[in-house]
Amino acid sequence: MDESTRRLLQRLLRRIPAQLLRSTVDKWGRLSVAQWQSVDFTQPKWALTEKLLAICEENEWTAKHITELEMIYVIDNPNQGMWYAFQLMDPEDDAHSVELTQFKEQFKSHLSELVRHVSVKIKKHTDEAVWIRIAWGDSYSRPNHLNPTYVVHHLQTPYVFVTNLTSKQKPLLSQALVLSTRHHAIKDANLSGRKLTAIRDLLMRQYQHVFPTKYPSPLAEINQTASNPRIEREQAGPGANRLQMACEAFGDGMLPQLQSAVYKLETKFRDHTNKTMTERAEPFKCVVKFASTNLLESLRHCASSGIASTPVTPLLSSIPVKGRNYFVITDNGPSPSSQMHESHN
């Protein structure tokens, strides 16, 4: 095992939490029965790392073997970085018939034509997702396995999810994906997050998006706080309406754990007390960001509890409806009274 492979394995073993190391190495299946029995997974992490390094040295494993272990860990624990969603556009007539073997051959072939030194490993997960690990090199350097790009694509769908991709690598990956999936273009879906399952479920509508139209009235929380029957009757109707509108906007039941939404404003400044800013010809630019451990759940609660007004503004309800969490807000026209709309750029 050369020094670069040893360094790759060392970094990976340090990255995997001690409580996950046993199950991850077991799934890898590279250790012999005797080697597996010789490993004491109750040891401190540093001692366990040294033992596994010695076994790998003994077996003379290469980077190919180590990247297999890395993919197992990343697939089982995908929330390690920021994921960005893309959408394939204009499918060819035979796009729906592309199967895994054909996709793998085509993708590797196209990317190798674009990049002289590149390492590609493709694995199909149990949920039918195709996982791609790309270690990038260039005309002069070998692939860098310490900083790979990960791509997730469900065949026969137009959606692609990517993490750890530079602006230089983006057009290369885009071209390889377009050609190997039989499409003509790919665009940014304006959706990103640290939880891959959340942005996947939001974009692919894999959560309860058929909303009930009636809710029990009065609401449970109102019953607990209102002791006067007359007040109870007065509050029950508005409370049920708020809950209905909140669920119609964001969904019912468990929601994808989206963590943020960004609104980039490029509008006229409107404040009659500040003529200097209001009379400027250039648009007023700022960025508004909403953040939460579960943003959709938080917004739904704000609307149903009365903290936020209902019906829910389209600026917020567009998150689940359009499957996006990045929006650009501009003016319809030059007049100060013009309404704001979402840019489709």
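Hydrogens, waters and symmetry mates are skipped; everything else that's a heavy atom, side chains included, is used.
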So [Y] and [X], do their side chains get closer than 4.5 Å, heavy atoms only?
X	Y	answer
Leu69	Leu12	yes
Gln257	Asp201	no
Ile199	Leu203	no
Leu155	Glu128	no
Phe290	Leu295	yes
Thr267	Thr330	no
Trp136	Asn144	no
Pro320	Leu202	yes

[X] and [Y]: side chain donor to acceptor below 3.5 Å:
X	Y	value
Trp83	Ser192	no
His145	Arg7	no
His301	Ser304	no
Ser97	Asp94	no
Asp26	Ser23	no

Quick one: [atom1] on [X] to [atom2] on [Y], what's the gap to the nearest 0.5 Å?
X	Y	atom1	atom2	value
Gln10	Ile66	CD	CD1	11.5 Å
His110	Glu105	NE2	CD	11.0 Å
Cys247	Arg242	SG	CZ	12.5 Å
Leu165	Lys170	CG	NZ	7.5 Å
Leu114	Ser174	CG	OG	10.5 Å
Lys124	Trp131	NZ	CH2	15.0 Å

For this session: Start with the C-alpha distance between Tyr84 and Asn190, add both sets of side-chain angles, then the distance that settles side-chain contact (heavy atoms from CB on, under 4.5 Å), and finish with yes or no.
Result: CA-CA 8 Å; Tyr84 297 87; Asn190 293 308; over 6 Å; no
Which heavy atom of [X] sits nearest a heavy atom of [Y], and at what distance?
X	Y	value
Leu88	His183	CB-CD2, 3.5 Å
Val312	Ser317	CG1-N, 4.1 Å
Asp188	Ala85	OD1-O, 3.6 Å
Asn164	Gln169	O-OE1, 4.2 Å
His153	Val160	ND1-CG2, 3.8 Å
Asn325	Leu191	OD1-CA, 3.1 Å

For this session: Could you walk me through whether Leu31 and Ile55 pass side-chain contact (heavy atoms from CB on, under 4.5 Å), step by step?
Result: CA-CA 8 Å; Leu31 274 63; Ile55 292 174; 4.1 Å; yes
Exercise. Can you list the steps and then say if Gln102 with Gln106 is a side-chain hydrogen bond (donor to acceptor under 3.5 Å, both in side chains)?
Worked result: CA-CA 6 Å; Gln102 183 184 16; Gln106 291 287 315; over 6 Å; no
Has [X] got a side-chain atom pairing as donor or acceptor with [Y]'s backbone, closer than 3.5 angstrom?
X	Y	result
Lys104	Lys121	no
His117	Asp138	yes
Gln156	His96	yes
Ser292	Asn294	yes
Lys123	Arg133	no

Problem set entry | Salt-bridge contact Arg182-Asp93 (side-chain N to carboxylate O under 4.0 Å) |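 Not counted as a salt bridge, because no side-chain N and carboxylate O are separated by less than 4.0 Å.
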Problem set entry | Lys64/Glu68 salt bridge by N-O under 4.0 Å criterion |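 Judged by the 4.0 Å cut-off on N to carboxylate O distance, Glu68 and Lys64 do not form a salt bridge.
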Hydrophobic cluster identity match, [X] and [Y], side-chain contacts under 4.5 Å:
X	Y	value
Ile132	Tyr73	no
Val151	Leu100	yes
Ile134	Met71	no
Val120	Val152	no
Leu179	Val115	no

For this session: Verify the ring-centre separation between Trp36 and Trp28: is it less than 6.0 angstrom?
Result: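 Aromatic pair excluded; centres sit 6.0 Å or further apart.
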For this session: Go through the steps to decide whether Arg30 and Trp61 satisfy the test side-chain contact (heavy atoms from CB on, under 4.5 Å), and finish with yes or no.
Result: CA-CA 10 Å; Arg30 287 284 179 183; Trp61 282 327; 3.4 Å; yes
For this session: Could you tell me how the ring of Phe161 sits relative to the ring of His154: parallel (under 30°), tilted (30 to 60°) or perpendicular (over 60°)?
Result: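 Ring orientation of Phe161 relative to His154: perpendicular.
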For this session: Go through the steps to decide whether Leu173 and Phe86 satisfy the test side-chain contact (heavy atoms from CB on, under 4.5 Å), and finish with yes or no.
Result: CA-CA 11 Å; Leu173 174 61; Phe86 296 88; over 6 Å; no
Problem set entry | Heavy atoms of other groups near Gln19 CD, more than 12 under 6.0 Å |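 More than 12 within 6.0 Å, yes.
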Exercise. Does NZ belonging to Lys45 count more than 12 external heavy atoms closer than 6.0 Å?
Worked result: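 More than 12 within 6.0 Å, yes.
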Exercise. Does the salt bridge (Lys or Arg N to Asp or Glu O under 4.0 Å) test come out yes or no for Lys27 and Asp76, once each step is laid out?
Worked result: CA-CA 11 Å; Lys27 283 186 179 181; Asp76 287 346; 2.6 Å; yes
Exercise. side-chain hydrogen bond (donor to acceptor under 3.5 Å, both in side chains) between Gln80 and Tyr150: does it pass, once the steps are laid out?
Worked result: CA-CA 11 Å; Gln80 306 292 318; Tyr150 272 89; over 6 Å; no
